[in-house]
Amino acid sequence: MHMATVERKSSPEHEETSNRMFRSKEAMPMDTEVYESPYADPDELRSSTVDRNQLFLEDGELGSGNFGTVMKGIYKMRKTEKPVAVKILKNDDNNPSVREEMLREANVMQQLDNPYIVRMIGICEAENLMLVMELAELGPLNKFLQKNKNTSVKNITELVHQVSMGMKYLEEHNFVHRDLAARNVLLVTQHYAKISDFGLSKAVAEEQNYYKAKGHGKWPVKWYAPECINYFKFSSKSDVWSFGVLMWEAFSFGQKPYKGMKGNDVMQMLESGKRMEPPVNCPTEMYDLMTTCWTYKVEERPGFAVVEPRLREYYYDIAQ
Ligand code: AMP
């Protein structure tokens with residue numbers, strides 16, 4: 001009897017079921033391969049470098065940016081084979097700063113380990129510099145929602161709550177993201193979101209708790225709090241402001257915030273005390289939370305330690 005059970009568990013049929021569960025759009029966070037770090041298994045050696053011979057790139061791009069492309073691949077570890085996303089730096093000798101940027105991003109990601117943040121598996125220095133990451137195959141949240149307009153309010157709340165959990169972790173570890181937006185939230189499944197793109201992220205000193213930028217860069221102004229634009233000051237509180245914009249994007253199914261407006265007009269609108277209107281059919285509780293994230297004064301704006309439980313409670317209420 002016992003033997004029979006063991007046999008059934010290891011049968012191809014069972015494997016097929018569990019594979020489907022891992023890859024299904026409906027799988028919950030804990031049922032996926034990317035909930036725990038690949039290095040959580042003590043048999044897998046923790047290393048910040050990936051051996052090129054163990055990395056197999058597949059055809060087809062997952063995405064691209066000014067650094068190069070992101071491809072899907074398989075990383076053969078000691079015990080398992082991991083589907084991965086590989087950010088490949090294009091060979092551009094004229095631009096060493098892009099390489100530095102990618103190494104900085106890798107350095108930040110390496111210090112983070114949370115189920116709601118895309119983990120870095122390692123750096124691979126081969127024909128190109130490559131950043132090997134956990135795969136979030138369903139791609140950016142804004143694009144997913146643009147294509148899936150039947151996604152329920154409950155499902156959207158679940159996803160933004162997961163983002164708030166990842167951000168609470170960043171806040172606790174004194175990192176500021178500085179580019180939190182729906183385009184930088186990637187989906188593993190329809191019910192599992194992870195924060196990505198740490199290209200602008202910074203570790204901040206605990207005593208000071210903000211990062212002071214030296215000058216105005218290529219900034220996502222529509223996601224930035226007033227103190228970022230006016231004083232170049234970035235903190236977890238300014239990430240909270242961006243999170244409010246991300247919530248607005250999510251509940252409006254991936255629409256662009258402040259559509260058709262220039263950065264300066266947005267600043268003037270915010271200075272005069274106006275804020276974006278609620279998205280169509282957005283629950284009042286969720287719009288209230290967005291406007292709280294858009295509190296003008298940093299000192300009065302809540303942190304993720306307050307925002308996350310508010311989302312959790314609302315999600316539990318409607319999930320019943
Ligand atoms: P990035 O420059 O990091 O925003 O990456 C550009 C695009 O590549 C993203 O918008 C995604 O479509 C894709 N991408 C990046 N990282 C991943 C990942 N870990 N899993 C799946 N797709 C990814």
Side-chain angles (χ1 to χ4, degrees), residues 22-25 27 29 32-39 50 55-75 81-90 92 95 97-110 112-124 128-148 159 162-163 166 170 175 177-202 217-220 222-223 242 246 249-250 254 256:
F22 282 147
R23 297 181 196 291
S24 147
K25 260 179 145 185
T32 67
E33 290 174 272
V34 285
Y35 189 73
E36 278 201 318
S37 160
Y39 300 115
V50 159
L55 182 64
F56 300 87
L57 296 176
E58 290 178 5
D59 285 342
E61 254 178 42
L62 286 166
S64 64
N66 57 351
F67 56 86
T69 55
V70 179
M71 308 275 288
K72 199 171 151 178
I74 298 283
Y75 178 41
E81 288 187 3
K82 284 250 158 229
V84 290
V86 187
K87 202 180 244 198
I88 307 173
L89 183 71
K90 62 176 171 234
D92 183 358
N95 204 346
S97 69
V98 185
R99 182 188 159 89
E100 274 162 35
E101 234 171 79
M102 199 156 133
L103 288 172
R104 258 200 303 271
E105 179 178 7
N107 179 40
V108 170
M109 286 181 90
Q110 208 184 347
L112 308 172
D113 181 5
N114 182 267
Y116 304 104
I117 292 177
V118 173
R119 293 185 188 90
M120 188 188 81
I121 293 170
I123 280 272
C124 181
N128 300 68
L129 177 66
M130 297 184 265
L131 177 63
V132 183
M133 300 171 283
E134 288 177 332
L135 178 67
E137 204 163 9
L138 298 194
L141 176 64
N142 59 338
K143 289 198 182 144
F144 179 86
L145 291 173
Q146 283 161 16
K147 282 190 225 126
N148 295 277
L159 294 170
Q162 292 171 349
V163 176
L170 271 195
F175 277 93
H177 189 286
R178 298 181 68 226
D179 200 4
L180 186 60
R183 63 179 171 275
N184 289 331
V185 169
L186 302 180
L187 298 186
V188 177
T189 73
Q190 186 170 342
H191 299 282
Y192 189 6
K194 278 180 183 263
I195 301 161
S196 81
D197 207 334
F198 290 83
L200 285 177
S201 302
K202 305 278 175 205
K218 240 178 110 188
W219 282 355
K222 289 180 178 176
W223 281 262
S242 312
L246 182 157
E249 294 178 271
K256 290 191 178 124

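Order of listing sets the numbers, starting from 1, for every ligand and every atom in it.
Under the side-chain contact (heavy atoms from CB on, under 4.5 Å) rule, Glu101 has a single partner from Glu105, Arg99, Arg104, which is Arg104. Only one option out of Glu36, Gln110, Glu134 pairs with Arg119 in a side-chain hydrogen bond (donor to acceptor under 3.5 Å, both in side chains); it is Glu134.
The protein heavy-atom contact nearest to atom 6 (C) of ligand 1 is Ser64 O, 3.7 Å. When only non-hydrogen protein atoms are considered, atom 14 (N) of ligand 1 lies nearest to Val70 CG1, 3.8 Å. Looking only at protein heavy atoms, the nearest one to atom 3 (O) of ligand 1 is Lys87 NZ, 2.9 Å. From the protein, the heavy atom lying nearest to atom 19 (N) of ligand 1 is Glu134 O, 2.8 Å. Among protein heavy atoms, the minimum distance from atom 20 (N) of ligand 1 is reached at Ala136 N, 3.0 Å.
Closest of all the heavy-atom pairs between Leu246 and Val185 is CD1-CG2, 3.7 Å.
One N or O on the side chain of Gln162 and one on the backbone of His191 form a donor-acceptor pair closer than 3.5 Å. Lys194 contributes a side-chain N or O that, together with a main-chain N or O of Val34, makes up a donor-acceptor pair within less than 3.5 Å. A distance-only check finds no donor-acceptor pair linking the side chain of Asn128 to the backbone of Met130 [under 3.5 Å]. When atom types are taken as modelled, the side chain of Asn184 and the backbone of Asp179 share a donor-acceptor pair closer than 3.5 angstrom. Proximity of a side-chain donor or acceptor of His177 to a complementary backbone N or O of Leu200 within less than 3.5 Å is not detected.
When each atom of ligand 1 is checked for a heavy atom of Phe67 under 4.0 Å away, the hits are 2 (O). For ligand 1, the atoms lying closer than 4.0 Å to a non-hydrogen atom of Gly63 are 7 (C), 8 (O). Atoms of ligand 1 found under 4.0 Å from any heavy atom of Pro140, numbered from 1 in the order shown, are 10 (O), 12 (O). Contact atoms of ligand 1 toward Asp197: 1 (P), 2 (O), 3 (O), 4 (O) (distance under 4.0 Å to a heavy atom of the residue).
Residue Lys194 places every heavy atom at 4.0 Å or more from ligand 1. Using 4.0 Å as the threshold, Ser196 has no heavy atom nearer than that to any atom of ligand 1. At least one heavy atom of Ala85 sits less than 4.0 Å from an atom of ligand 1. Residue contacts with ligand 1 leave out Gly199, since none of its heavy atoms falls under 4.0 Å from the ligand.
Atom NZ of Lys202 has more than 12 neighbouring heavy atoms from other residues, nucleotides or ligands inside a 6.0 Å radius.
Selection from Val132, Leu62, Val34 by nearest heavy atom to atom 13 (C) of ligand 1 gives Leu62.
Taking only nitrogen or oxygen atoms, main chain and side chain alike, Leu186 does not reach within less than 3.5 Å of ligand 1.
Electrostatic pairing of Glu137 and Lys72 counts as a salt bridge here, judged by a charged N lying under 4.0 Å from a carboxylate O.
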